[in-house]
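Can you read through this structure? Questions will come right after.
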2 protein chains.
Amino acid sequence: MARASTTSDAFNAIAEPRRREILSYLAGDERPVGEIVAALGLEQPSVSKHLRVLRDVGLVRMRCQGRQKLYRTNAEAIRPLHEWTETFERYWQHQLNRVKELAEATVRQGSTVLKTPNPNQKEKS
Amino acid sequence: MARASTTSDAFNAIAEPRRREILSYLAGDERPVGEIVAALGLEQPSVSKHLRVLRDVGLVRMRCQGRQKLYRTNAEAIRPLHEWTETFERYWQHQLNRVKELAEATVRQGSTVLKTPNPNQKEKS
DNA sequence: TTTACATATTCCCATATGAGCATGTAATGT
DNA sequence: ACATTACATGCTCATATGGGAATATGTAAA
């Protein structure tokens, strides 16, 4: 099998840096394609293709206005990504605490190897 | 140019669903490769290759113990992803408010609203 | 050393990509 | 009707991928 399609989900869609730039640019309000091209310095076909991917996964919305098409980021579609990364928040906080405590303990004494308090673990195997 | 390497950054690395599973599995504490293989039901070479990618971008840490190697998620490396998605939080909250207000207005007036946002829709034009 | 175990790497291959360029299409202006 | 504007799509091509199978590496046990 090859790599999954960029349109398979939001995770794959945002892997491309240009698409992340587009999403940030369109987060505030809707803009026509031409403005994206000018603002980000990309080729027009490239922008259109990126927008197509973003649209396929629901990360942007489109509206026609005369001969131009106005795109806008659908922030709600980014929420699942935020929630997934959030499940790791407690761990990086815990890791920071461990580093901190270890440093303090090292300063206080020579080698105080303490038992690692594991916050909670998913069951094994 | 082709698609960026999976090892180019964390965004590309987590685009692969299996790698996300591995990261979740290794979030609690370190585990040898064999347990990952058993727990996730993947082929051993596949797991090794995914771990290689995750290690290249710093998403996991490795430690040798005898003849096995213990891997653990480096949650801190996920933080930038969390922070990037967070920049959109105010927008999706705003959008939710709009939807809510619209719904309330609709109920008050008893009129039918046509444009219900459909995330899965791949509409044209 | 020989053997068994735990991981890593290599090779092959179907598939997907993104950039550049050309072309198609729809809406507007004259 | 014709030209122009604003996008979208089609094309080729170099490159990266992930799965499977086979193999290599490294460590420990017999």
Side-chain angles (χ1 to χ4, degrees), chain A residues 1-23 25-26 30-57 59-72 124-125, chain B residues 1-23 25-26 30-57 59-72 122-125:
Chain A
M1 224 189 239
R3 207 163 167 182
S5 169
T6 55
T7 58
S8 54
D9 56 41
F11 284 96
N12 279 276
I14 67 160
E16 170 65 44
R18 312 300 169 100
R19 283 196 284 267
R20 290 201 298 278
E21 288 179 28
I22 292 175
L23 286 175
Y25 185 70
L26 296 176
E30 57 189 6
R31 302 261 170 80
V33 177
E35 276 193 27
I36 308 173
V37 170
L40 304 186
L42 304 173
E43 300 290 329
Q44 176 265 312
S46 181
V47 170
S48 280
K49 279 183 254 185
H50 283 316
L51 287 171
R52 178 77 177 144
V53 172
L54 293 173
R55 209 152 76 89
D56 282 351
V57 297
L59 279 167
V60 298
R61 288 265 146 76
M62 195 257 292
R63 179 171 76 88
C64 291
Q65 186 190 53
R67 58 182 153 184
Q68 52 188 9
K69 310 198 174 175
L70 305 178
Y71 284 86
R72 161 198 226 147
K124 345 188 121 149
S125 71
Chain B
M1 228 195 237
R3 206 160 162 183
S5 169
T6 56
T7 58
S8 54
D9 56 41
F11 284 97
N12 279 276
I14 66 160
E16 170 65 46
R18 312 291 187 177
R19 283 197 285 268
R20 289 201 297 279
E21 287 180 28
I22 293 176
L23 286 175
Y25 185 70
L26 296 176
E30 58 188 7
R31 303 264 169 80
V33 178
E35 278 193 27
I36 308 173
V37 170
L40 304 186
L42 304 173
E43 300 291 329
Q44 176 266 313
S46 181
V47 171
S48 280
K49 280 184 258 185
H50 284 316
L51 287 171
R52 177 78 174 141
V53 171
L54 293 173
R55 210 153 75 91
D56 282 350
V57 298
L59 279 167
V60 298
R61 289 265 142 80
M62 194 257 288
R63 181 171 74 89
C64 291
Q65 186 190 54
R67 56 182 154 184
Q68 53 188 10
K69 309 198 175 177
L70 305 178
Y71 284 84
R72 174 172 52 184
K122 287 189 183 177
E123 70 177 301
K124 194 187 142 229
S125 132

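Protein chains get the first letters and strands the later ones, always in sequence-line order, with residue 1 at the start of each.
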Open item on the list: To the nearest 0.5 Å, what is the distance between CZ on R55(B) and OH on Y71(B)?
Closed with: 5.0 Å

Open item on the list: Does dA6(D) have its OP1 or OP2 closer than 4.0 Å to a side-chain nitrogen or oxygen of Y71(A)?
Closed with: no

Task: Which residues share a side chain to side chain contact (heavy atoms under 4.5 Å, CB included) with V57(B), sequence neighbours left out - done: T7(B), A13(B), L59(B)

- [ ] Mind calculating the distance between CD (E16(A)) and C1' (dA19(C)) to the nearest angstrom?
- [x] 10 Å

TODO: Mind checking side chain to side chain donor-acceptor pair (under 3.5 Å) for E21(B) and listing every partner two or more places apart, or none if nothing turns up?
DONE: none

Open item on the list: So if I take residues 46-57 of chain B and measure heavy-atom distances to DNA chain C, which residues fall below 4.0 Å?
Closed with: S48(B), K49(B), R52(B)

Open item on the list: Is Q68(B) close enough to dC5(C) that one of its side-chain N or O atoms is under 4.0 Å from OP1 or OP2 there?
Closed with: no

Find every protein N or O atom lying less than 3.5 Å from an N or O atom of nucleotides 26-30 of chain D, and list the pairs.
none

TODO: Go through the structure and list residues passing salt bridge (charged side-chain N to carboxylate O under 4.0 Å, His left out) with E30(B), not counting sequence neighbours.
DONE: R63(B)

TODO: Using whole Å, report how far CZ of R18(B) lies from P of dG18(D).
DONE: 12 Å

Open item on the list: According to side chain to side chain donor-acceptor pair (under 3.5 Å), who are the partners of R20(B), at least two apart in sequence or on a separate chain?
Closed with: none

- [ ] Not counting sequence neighbours, list each pair that qualifies as a salt bridge (charged side-chain N to carboxylate O under 4.0 Å, His left out) and has a residue in residues 38-49 of chain A.
- [x] none

- [ ] List for me each residue that meets salt bridge (charged side-chain N to carboxylate O under 4.0 Å, His left out) alongside R52(B), sequence neighbours excluded, and say none if there are none.
- [x] D56(B)

Task: Sequence-distant partners of I36(B), side chain to side chain contact (heavy atoms under 4.5 Å, CB included), two or more places apart - done: I22(B), Y25(B), L26(B), L40(B), V47(B), L51(B)

TODO: Go through residues 2-11 of chain B and report each residue with a non-hydrogen atom lying under 4.0 Å from DNA chain D, sorted by number.
DONE: A2(B), R3(B), S5(B), T6(B)

Open item on the list: Taking side-chain hydrogen bond (donor to acceptor under 3.5 Å, both in side chains) as the cut-off, I'd like each qualifying pair that reaches into residues 9-19 of chain A, sequence neighbours left out, listed once.
Closed with: S8(A)-N12(A), D9(A)-N12(A), N12(A)-R3(B), R19(A)-H50(A)

Task: Pairwise distance CZ(R72(A)) to CE(M62(A)) - rounded to 0.5 angstrom - done: 14.5 Å

Open item on the list: Under 4.0 Å, heavy atom to any atom of DNA chain D: which of residues 36-45 of chain A qualify?
Closed with: Q44(A), P45(A)

